[in-house]
Amino acid sequence: MTASLRTLTALWLFLLAPLSPALAQDAADTPDAPRALRFNWARDGVITGAAGALWISSETVFKGDLAPAQCRWCDRAPDGTDTLNRLDRWGRGLAGNTAESRKRADTWSNVIGFAGLPLSMLGVQYAAGRSSGASREFFAQDATIMVESAVIASVVNQAVKFTVGRERPFVHVLSENDKGLTAHPTDNNLSFYSGHTNLAFSLVVSAGTVASLRGYKHQGLIWGVGLPLAASVGLLRMGADKHYLSDVLTGAVLGSAFGVAVPLLLHGRLDDDARPNASRTSSLTLTPSVGRQVVGVSGAF
């Protein structure tokens, strides 16, 4: 995927999420009304914006410096013998047999993963909320939590990719002379773990987790629509020969983990906080740090 498309996608997500809280409508004060969650526009705006900026800059401005020029995880012995494990060797059977079929799978993974799935999840989340009597402010918060989960998951994914440096499947089979001639050489060694799959599952699972916390009706619709779409993204990445099966499985697991952790840790129910005997949920504090060679954000739960 090109850097420009990644940047456009990230910016598109940010434009969709931060709906103005001034549009809020109070939810009906009934026993079946959706639950209010802990949410602060300033705090969550900073978290989402900082994570999004790190994600975008790591994919555009700093990618040439951060991406390993040579693989660190090459799936080859020093003598050149192929050491690819059996699981990933078996999974490569899903890769397209022709360049055209692999290109088609790559295109569809981008279309579904960065347009179809996010739009579908926002639409289903809105429908589930409105059918339960949720206000527009609740939907704005829900969308922001989904984006927040996705960008945090993506920043971690980028850090792992740059550190691990696993060679992509289609690069693995090329000769040493041809590896530098790929369309995007900086992407050659960023196979582990699948960013597309990570993003897809973080969006779906965060949407489902928020719906559960809110107590929305028809929560099954979110999972029924989202999980097949997220799984299709991972399969298409393998069909495009961009990732191994282990890359996709790891992306699904870690994306799901962030989809659960971010809503639970940062956005617990307000009525749970009000109970005197209820255990307190974690809160997050962020402290920007600037050094001579690094700019980052440190936090504590």
Side-chain angles (χ1 to χ4, degrees), residues 1-7 9-10 54-96 99 102-103 105-107 109-110 113-114 151 153-202 233-255 258 293-294 296:
M1 180 182 184
T2 63
S4 59
L5 184 55
R6 284 185 187 272
T7 304
T9 300
L54 287 173
W55 179 30
I56 294 172
S57 61
S58 70
E59 187 61 36
T60 55
V61 179
F62 302 113
K63 188 171 187 177
D65 298 321
L66 295 173
Q70 302 294 327
C71 60
R72 300 185 181 115
W73 179 357
C74 305
D75 293 299
R76 288 194 184 279
D79 62 359
T81 304
D82 193 333
T83 59
L84 186 65
N85 64 77
R86 291 183 179 181
L87 176 67
D88 289 335
R89 192 182 301 277
W90 174 81
R92 282 210 69 209
L94 293 176
R102 292 190 293 272
K103 177 62 177 177
D106 185 32
T107 299
S109 72
N110 292 332
F114 291 90
V151 294
S154 296
V155 168
V156 174
N157 172 245
Q158 290 288 83
V160 173
K161 278 187 172 184
F162 294 142
T163 302
V164 172
R166 188 182 194 185
E167 193 173 59
R168 291 190 185 272
F170 79 95
V171 179
H172 184 69
V173 298
L174 297 177
S175 67
E176 289 299 323
N177 292 332
D178 291 336
K179 289 180 179 180
L181 303 178
T182 59
H184 304 286
T186 55
D187 275 339
N188 284 0
N189 303 307
L190 301 178
S191 186
F192 186 83
Y193 50 93
S194 172
H196 285 67
T197 311
N198 173 72
L199 179 65
F201 275 89
S202 65
V233 171
L235 292 172
L236 286 167
R237 296 306 290 166
M238 295 173 61
D241 210 19
K242 297 288 188 177
H243 290 287
Y244 294 109
L245 178 56
S246 60
D247 302 331
V248 168
L249 291 177
T250 303
V253 170
L254 293 183
F258 280 99
Q293 297 182 337
V294 64

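These numbers come from the heavy atoms of this one structure, side chains and all, not from hydrogens, waters or symmetry mates.
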[X] side chain near [Y] side chain, heavy-atom distance below 4.5 Å:
X	Y	answer
Leu66	Ser58	yes
Asn189	Arg72	no
Leu190	Pro68	yes
Asn188	Arg168	no

Taking it one step at a time, do Arg89 and Asp82 satisfy side-chain contact (heavy atoms from CB on, under 4.5 Å)? CA-CA 10 Å; Arg89 192 182 301 277; Asp82 193 333; 3.8 Å; yes
Nearest 0.5 angstrom please: [X] [atom1] to [Y] [atom2], how far?
X	Y	atom1	atom2	result
Cys71	Phe192	SG	CZ	15.0 Å
Leu94	Leu245	CG	CG	7.5 Å
Glu176	Gln70	CD	CD	7.0 Å
Asp88	Asp247	CG	CG	6.5 Å
Asn85	Tyr244	CG	OH	9.0 Å

The salt bridge (charged side-chain N to carboxylate O under 4.0 Å, His left out) partner of Asp187 among Lys161, Lys179, Lys63 is Lys63
Shortest non-hydrogen contact between Asp241 and Ala95, atoms and distance: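 Closest heavy-atom pair between Asp241 and Ala95: OD1-CB, 3.7 Å.
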Under 3.5 Å, side chain of [X] to main-chain N/O of [Y], donor-acceptor pair present?
X	Y	answer
Arg76	His172	yes
Asn157	Gly251	no
Asn198	Ala153	yes

Side-chain donor-acceptor contact under 3.5 Å, Asn177 with Ser175: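 Distance-only check fails for Asn177 and Ser175.
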Looking only at the side chains, is there a donor atom on one of Asp75 and Trp73 sitting less than 3.5 Å from an acceptor on the other? yes
Looking at Ser194, Ser109, Ser191, which hits side-chain hydrogen bond (donor to acceptor under 3.5 Å, both in side chains) with Arg237?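 One option only clears the test, and that one is Ser109.
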Carefully, step by step, assess Phe114 and His196 under the rule ring-ring contact (aromatic ring centres under 6.0 Å, His included). CA-CA 8 Å; Phe114 291 90; His196 285 67; 4.7 Å; yes
Residue among Val248, Val160, Val164, Val253 satisfying side chain to side chain contact (heavy atoms under 4.5 Å, CB included) with Tyr193: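 Among Val248, Val160, Val164, Val253, the one that satisfies the side chain to side chain contact (heavy atoms under 4.5 Å, CB included) with Tyr193 is Val160.
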